[in-house]
Amino acid sequence: MKKKIGLLIGCALFVILAVGSVGGNDSKSDSNSGTNNASTEKKAVTYEKITAKQLVSDLEGNALKAAQAHKGKDYEITGVLGNIDAQGDYVTIEPSGDDLTLTGVQAFVKNDDQKKAIAELSKGDKITVKGKVKDVGEVMGYSVDIDEISKATSKK
């Protein structure tokens, strides 16, 4: 009985520490992302151009292959602004000219400057997001951390 109680307490502590460390990392990245680290990172990163339509097409064709091809890559993604989270935590990028897609690109905001830029946009605007693909899944689609976000200037 004591072993079971000890095991339960150990598991509870592990969960609490895991949740705390995830939350702690997020706040650290938020406080640093608007400073020199973001500027230095932007200068060193080369973004490969890709459309949200191509990303979604790759994912729908073969999720495993899409994950292997795109996870961890830095992209300049062009698409249509879909949902804008009310708290400003993320936006979705939808393929241009497509109707409903079940999977897509979820782009996560890292700082207040990005939130201000998003506040000036409207659903349906053509946008460009520069960032790193953090995760790829057949249900949720792509998760991208935003380095830069802007209204697209070209009509591709």
Side-chain angles (χ1 to χ4, degrees), residues 15 18-156:
V15 169
V19 169
S21 69
V22 169
N25 288 342
D26 286 344
S27 62
K28 286 180 186 175
S29 68
D30 286 346
S31 64
N32 291 333
S33 60
T35 61
N36 292 338
N37 288 344
S39 300
T40 304
E41 186 177 316
K42 289 179 189 174
K43 292 177 186 173
V45 176
T46 302
Y47 298 96
E48 184 179 334
K49 291 184 179 187
I50 195 164
T51 63
K53 186 173 187 169
Q54 182 63 52
L55 288 170
V56 170
S57 176
D58 289 353
L59 186 63
E60 289 174 348
N62 183 332
L64 175 62
K65 187 175 179 181
Q68 291 171 342
H70 301 296
K71 188 173 181 179
K73 287 210 172 170
D74 295 299
Y75 283 121
E76 180 178 320
I77 305 165
T78 304
V80 174
L81 180 60
N83 293 324
I84 304 169
D85 177 57
Q87 286 73 39
D89 293 335
Y90 71 91
V91 298
T92 60
I93 310 167
E94 299 173 356
S96 300
D98 281 3
D99 293 328
L100 179 66
T101 56
L102 298 177
T103 56
V105 180
Q106 217 174 20
F108 292 91
V109 177
K110 295 190 323 191
N111 60 47
D112 288 336
D113 289 336
Q114 294 170 355
K115 278 187 185 180
K116 288 177 188 173
I118 291 167
E120 300 298 318
L121 300 171
S122 298
K123 187 173 182 174
D125 284 346
K126 189 161 186 163
I127 62 169
T128 300
V129 169
K130 292 181 180 179
K132 182 181 288 291
V133 175
K134 291 296 193 179
D135 202 9
V136 181
E138 65 278 357
V139 176
M140 295 301 292
Y142 296 88
S143 295
V144 176
D145 280 348
I146 298 173
D147 291 332
E148 295 178 32
I149 185 168
S150 61
K151 197 168 185 177
T153 54
S154 67
K155 295 185 177 184
K156 288 184 180 178

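Not measured: the values here are computed from a predicted model.
A side-chain donor-acceptor contact under 3.5 Å links Lys132 to the backbone of Gly72. Remark: side-chain polar atoms of Gln114 are paired, donor with acceptor, to backbone N or O of Lys110 under 3.5 angstrom. The backbone N or O of Leu59 sits nowhere less than 3.5 Å from a side-chain atom of Glu138 that would complete a donor-acceptor pair. Listed for the Asp125 side chain is no donor-acceptor partner under 3.5 Å among the backbone atoms of Ile127.
Residues Ile93 and Ala107 approach most closely at CD1-CB, 4.1 Å, considering heavy atoms. His70 approaches Tyr142 most closely through the heavy-atom pair CD2-OH, 3.5 Å. Shown here for Thr78 and Ala152, the closest heavy-atom pair between the two residues is CG2-CB, 4.4 Å. Residues Asn111 and Val109 approach most closely at O-CG1, 3.4 Å, considering heavy atoms. A pairwise comparison of heavy atoms in Lys134 and Lys71 identifies O-CE, 3.3 Å as the closest pair. The two residues Gly79 and Ala52 make their nearest non-hydrogen contact at CA-CB, 4.3 Å.
Counting only heavy atoms from C-beta outward, the side chains of Ile149 and Val91 approach each other to under 4.5 Å.
One distance of note links CG of Asp58 with CD of Gln68; it measures 12.5 Å at 0.5 Å rounding. To the nearest 0.5 Å, atom CD of residue Glu48 and atom NZ of residue Lys130 are 13.5 Å apart. Atom OH in Tyr90 sits 12.0 Å away from atom CD1 in Ile146 (nearest 0.5 Å). Taking OG1 from Thr128 and CG from Leu81, the interatomic distance works out to 11.5 Å, rounded to the nearest 0.5 Å. Taking CD1 from Ile50 and CG from Leu55, the interatomic distance works out to 4.0 Å, rounded to the nearest 0.5 Å. Atoms CG and NZ, from Asp85 and Lys115 in turn, are 8.5 Å apart once rounded to the nearest 0.5 Å.
Here the rule is side-chain contact (heavy atoms from CB on, under 4.5 Å) with Ile84, and of Ile118, Asp89, Thr92 only Ile118 fits it.
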